[in-house]
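Contents: one structure, followed by commentary.
Counting begins at 1 with the first residue of the sequence. Quick note: numbers below take in every heavy atom, side chains included, and nothing from hydrogens, waters or symmetry partners.
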Amino acid sequence: MEIKVLVCGDTHIPERARRIPDAMARIIDEHRPYDLILFTGDLTCEEMLEWVYRQADEAYVVCGNMDY
């Protein structure tokens, strides 16, 4: 059985960027669906957290030093 995992983090949206860069968003979209997403922190806003949970059936998120 194959499991497709997306691992990402440090988006810092909207503090350091307005959105996920187009090239990265294209790669993420092209490889859907994901079974699992692991997010390494620094989401920095609730909208990004909601985005993470929409990417896979199961998601694990840890807090980064910018996540308040």
Side-chain angles (χ1 to χ4, degrees):
M1 181 170 125
E2 189 174 295
I3 296 174
K4 193 179 286 188
V5 179
L6 173 62
V7 180
C8 58
D10 292 289
T11 50
H12 293 277
I13 295 172
E15 285 82 1
R16 296 187 183 169
R18 292 186 180 176
R19 57 187 162 80
I20 294 173
D22 292 338
M24 183 180 217
R26 254 191 319 278
I27 292 168
I28 291 170
D29 289 342
E30 288 172 3
H31 292 89
R32 285 178 203 218
Y34 297 96
D35 299 300
L36 173 66
I37 184 170
L38 304 172
F39 199 93
T40 62
D42 292 333
L43 290 154
T44 71
C45 73
E46 190 171 340
E47 291 80 15
M48 279 306 300
L49 180 61
E50 292 168 1
W51 177 86
V52 166
Y53 286 127
R54 287 193 307 268
Q55 303 310 304
D57 295 331
E58 192 172 355
Y60 294 92
V61 177
V62 296
C63 287
N65 63 312
M66 298 293 294
D67 292 319
Y68 306 112

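- The closest donor-acceptor contact from the side chain of Lys4 to the backbone of His31 lies under 3.5 Å.
- Under the side chain to side chain contact (heavy atoms under 4.5 Å, CB included) criterion, Glu50 pairs with Glu46, Arg54, sequence neighbours left out.
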Check residues 17-25 and write down every donor-acceptor pair under 3.5 Å in which the side-chain atom is one partner and the other belongs to a residue at least two apart or another chain.
unit_1	atom_1	unit_2	atom_2	d
Arg19	NH1	Asp22	OD1	2.4

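- A 4.5 Å side-chain heavy-atom check between Asp35 and Val5 finds every atom pair outside the cut-off.
- Residues Phe39 and Leu36 do not share a hydrophobic cluster, clusters being chains of Ile/Leu/Val/Met/Phe/Trp/Tyr side chains in contact below 4.5 Å.
- Both Ile37 and Tyr53 belong to a single network of hydrophobic side chains, linked directly or stepwise wherever heavy atoms of I, L, V, M, F, W or Y lie under 4.5 Å apart.
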Problem set entry | Step-by-step side-chain contact (heavy atoms from CB on, under 4.5 Å) determination, Glu47 to Leu49 | CA-CA 5 Å; Glu47 291 80 15; Leu49 180 61; over 6 Å; no

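- Listed by first and then second residue, the side-chain hydrogen bond (donor to acceptor under 3.5 Å, both in side chains) pairs that reach into residues 59-68 are Glu58-Tyr60, sequence neighbours excluded.
- Taking the side chain as every heavy atom from C-beta outward, Leu43 and Trp51 never approach each other to under 4.5 Å.
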Identify each donor-acceptor pair in which a side-chain atom of residues 7-16 lies under 3.5 Å from a protein atom, sequence neighbours left out, and give them as a table.
unit_1	atom_1	unit_2	atom_2	d
Thr11	OG1	Asp42	O	3.4
Glu15	OE1	Thr44	OG1	2.6

